[in-house]
Amino acid sequence: MTDTTVTDIANAASSSVDSAGTAHAATDGKFDLVVIGGGPGGYEAAIRAAQLGMKVACIEKRVHKGVPSLGGTCLNVGCIPSKALLDSSHRYESTVHDLAAHGITTGDVTFDVATMQARKDAIVAQLTGGIAQLFKGNGITWFQGTGKLLAGKQVEVTPLDGSASQVLSANNVILATGSSPINIPAAQVDENRIVDSTGALEFKEVPATLGIIGAGVIGLELGSVWRRLGSEVTVLEAQDEFLGALDKGLAKEALKQFKKQGMDIQLGAKVQSTQVSEQGVSVTYTQAGAEKTLQFDRVIVCVGRRAYAEGLLADDTGIKLTERGLIDVNDQCQTSVEGVYAIGDLVRGPMLAHKAMEEGVMAVERMHGEATQVNYDTIIGVIYTAPEVAWVGLSEEAAVAKGHEIKTGQFAFAVNGRALAAGETQGFVKFVSDAKTDRLLGMHVIGAGAGDMVHQGMIALEFAASTEDLQLMTFAHPTLSEVVHEAALSVDGRAIHAIQRKRK
Ligand code: FAD
Ligand code: AMP
């Protein structure tokens with residue numbers, strides 16, 4: 001699952017290094033903890049374990065742009081490179097469209113994809129190199145190779161450099177091998193005309209027409225990058241409902257905003273086949289019973305990700321899998337084998353870096369005898385588009401389905417002074433609360449900085465806040481966060497900057 005081929009391992013770093021920079025062969029092969037996979041889940045687990053005094057090894061096989069690399073999907077080909085390109089493309093679009101209103105004249109605004117990509121690559125290199133430094137500083141041994149769990153908490157390492165494999169033994173093992181993009185026969189990735197999310201982060205020029213298969217978080221983010229830079233983007237989504245897992249009000253507003261930006265989002269459009277030619281890719285899909293075809297320069301397949309456990313488990317480990325091929329774990333990430341944990345994208349729950357990280361910390365602290373528990377009810381979701389879309393806790397629909405009698409309140413950024421001053425007036429904050437107890441159940445935000453603002457809701461939920469708690473707090477003026485206050489007030493019909501008559 002390397003994101004580049006292993007072309008020049010000999011020129012890259014040595015096959016494994018510890019804090020002193022010595023080869024792994026020099027270790028005695030015995031560890032308190034062996035982590036397989038150095039993504040956000042695995043590397044945070046390794047660092048936390050080292051902090052707690054454990055002797056730790058982490059096995060990571062990824063080679064990114066010819067160099068062995070820690071940080072997993074997130075740092076190399078996921079969260080970070082996508083956000084770098086989202087930021088560059090947003091600055092370009094905002095310079096072209098937003099500055100005139102401020103009286104700022106720019107003349108011709110141009111951009112250079114190569115510079116954007118180089119900036120992105122430099123950020124990735126800085127962060128992945130930073131994890132290597134943290135490993136060194138914490139005395140963690142990094143085995144650059146492929147790990148395989150054997151029976152009896154032993155782990156076989158096959159080094160990237162082709163040297164002999166060795167077997168490590170551990171008191172505890174964490175499986176953290178993440179996920180990989182789902183491929184569909186209807187659109188086979190050819191790394192040229194048809195790419196997955198990794199390929200879409202490497203375009204050297206802006207495709208004139210771009211098809212995105214799948215309107216999930218990744219498809220919407222990558223579609224936004226290339227639309228802002230000039231691609232005519234069409235998103236084909238099999239489901240009739242847009243972002244079906246979100247609060248319906250939030251999803252409706254997001255769809256409206258993305259369409260307004262010029263993204264053509266086709267719902268109920270199930271891709272059946274693709275045909276690559278010199279002209280591009282012809283995509284055939286069915287929609288409302290009709291067969292339709294569209295032609296694109298390039299297509300990005302974003303139909304989801306699946307747990308990656310290829311070659312991870314020897315036959316006799318006793319590790320149970322779920323029906324969906326995930327490693328079966330309990331709420332504390334323990335597998336069916338004592339002392340073996342599994343975390344992150346490899347196990348149930350949302351495929352998110354922060355969820356993987358906290359599971360890694362929880363697993364390690366549990367081994368250490370602590371009672372750490374991830375609160376799965378307050379995992380934040382964010383779509384890093386503009387406006388951002390973010391949520392935590394229960395949607396209105398989920399709260400009702402769970403049997404809550406609910407009350408909701410919503411307040412728009414459009415009348416907030418700071419939002420007007422910043423020209424960021426799209427969207428709203430919405431709260432879902434329990435009508436009987438007043439307890440906050442969920443917060444849903446679409447707007448500038450939603451991904452940061454939603455943390456206010458996460459903290460409130462963690463502290464089991466009531467709606468009244470937020471209503472009684474003093475929010476600084478003028479800030480976007482005042483919309484959070486007004487949304488909480490509006491749950492009881494008492495927002496100040498809207499015509500509402502107090503209901504209670
Ligand atoms: P991974 O990050 O996948 O790391 C697992 C590592 O294990 C990999 O590096 C792999 O090489 C290694 N490995 C696999 N098998 C072996 C083996 N046998 N031996 C040794 N090493 C092995 N999440 C967010 O929270 N926010 C975002 O903004 C976000 N944006 C994303 C954008 C994109 C384009 C993509 C693709 C994903 C994004 N994600 C985002 C999801 C996020 O990247 C994942 O949820 C996260 O990386 C999961 O962490 P992990 O540690 O479980 O696995
Ligand atoms: P996510 O799992 O959130 O990354 O989103 C992936 C999206 O891809 C889901 O909304 C799926 O419905 C969608 N999808 C899966 N297969 C197809 C297909 N053949 N054509 C169009 N959309 C698809």
Side-chain angles (χ1 to χ4, degrees), residues 1-3 35-45 58-64 69-83 85-86 128 143-149 155-158 160 174-182 184-187 196-198 200-201 212-222 235-245 266-273 283 285-286 300-313 342-347 349-357 359-360 379-384 451:
M1 210 191 56
T2 54
D3 51 74
V35 183
I36 308 180
Y43 84 66
E44 284 223 2
C58 180
I59 308 166
E60 171 56 64
K61 66 176 183 173
R62 182 177 295 270
V63 177
H64 184 71
S69 187
L70 292 166
T73 302
C74 177
L75 265 53
N76 291 281
V77 294
C79 328
I80 297 302
S82 60
K83 267 76 244 175
L85 293 181
L86 276 160
T128 55
F143 286 85
Q144 294 170 355
T146 304
K148 180 178 189 167
L149 181 71
V155 180
E156 181 186 66
V157 188
T158 305
L160 282 172
I174 294 182
L175 308 175
T177 51
S179 63
S180 59
I182 292 177
I184 48 171
D196 59 18
S197 60
T198 301
L201 294 167
I212 311 265
I213 306 179
V217 175
I218 295 175
L220 293 168
E221 289 185 4
L222 293 173
V235 184
L236 300 171
E237 166 56 51
Q239 301 291 322
D240 292 327
E241 208 179 344
F242 183 63
L243 294 172
Q266 295 294 325
L267 299 175
K270 188 165 177 28
V271 172
Q272 303 294 347
S273 65
V283 178
Y285 62 100
T286 47
I300 310 176
V301 183
C302 297
V303 295
R305 298 178 63 82
R306 68 163 51 101
Y308 180 80
E310 213 173 288
L312 177 64
L313 306 173
I343 61 172
D345 285 6
L346 195 53
V347 303
M351 288 188 169
L352 293 169
H354 42 287
K355 176 255 190 190
M357 290 169 171
E359 286 186 332
I379 306 281
I380 289 172
V382 185
I383 311 177
Y384 294 88

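Whatever order the structure lists ligands and atoms in, that order sets their numbers, starting from 1. All values derive from a computational prediction rather than experimental measurement.
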Worksheet item: Backbone or side chain, does any N or O of Glu60 fall under 3.5 Å from an N or O of ligand 1?
Response: yes

Worksheet entry | Those residues that, when tested against Gln266, pass side-chain contact (heavy atoms from CB on, under 4.5 Å) (two or more places apart) | Thr234, Leu236, Asp264, Ala269, Gln287

Practice prompt. Report yes if some N/O of Ile218 lies less than 3.5 Å from some N/O of ligand 1; otherwise report no.
Written response: no

Discussion item. Can you work out which protein residues put a heavy atom within less than 4.0 Å of ligand 2?
Written reply: Ile184, Ile213, Gly214, Gly216, Leu236, Glu237, Ala238, Gln239, Ala269, Lys270, Val271, Cys302, Val303, Gly304

Worksheet item: Out of Gly360, Ala342, Cys79, whose heavy atom sits nearest atom 29 (C) of ligand 1?
Response: Cys79

Discussion item. Pairs of nitrogen or oxygen atoms closer than 3.5 Å, one from Leu312 and one from ligand 1: do any exist?
Written reply: no

Item to complete: Could I get the full list of side chain to side chain donor-acceptor pair (under 3.5 Å) partners for Ser273, not counting sequence neighbours?
Response: none

Discussion item. Test of understanding: with side-chain contact (heavy atoms from CB on, under 4.5 Å), list the residues that count as partners of Cys302, not counting sequence neighbours.
Written reply: Ile212, Ile218, Leu222, Ile300

Discussion item. Does any N or O of ligand 1 fall below 3.5 Å from an N or O anywhere on Gly78, backbone included?
Written reply: no

Fill in: From the candidates Val63, Ile343, Asp345, the one that places a heavy atom nearest atom 45 (O) of ligand 1
Asp345

Discussion item. Under 3.5 Å between any N/O of Ser82 and any N/O of ligand 1: does that happen in this structure?
Written reply: no

Practice prompt. Measure from atom 36 (C) of ligand 1 to every heavy atom in Met357, Met351, Arg305 and give the option owning the shortest one.
Written response: Arg305

Discussion item. Using a plain distance cutoff, I'd like to know if Thr146 has any nitrogen or oxygen under 3.5 Å from a nitrogen or oxygen of ligand 1.
Written reply: no

Practice prompt. Pick whichever of Ala356, Gly451, Gly145, Ala353 has a heavy atom sitting closest to atom 24 (C) of ligand 1.
Written response: Ala353

Fill in: Closest to atom 49 (O) of ligand 1 among Gly39, Gly344, Pro40 (heavy-atom distance)
Pro40

Worksheet item: Which of the listed options, Gly37, Ala176, Gly38, Gly72, holds the heavy atom that is closest to atom 5 (C) of ligand 1?
Response: Ala176

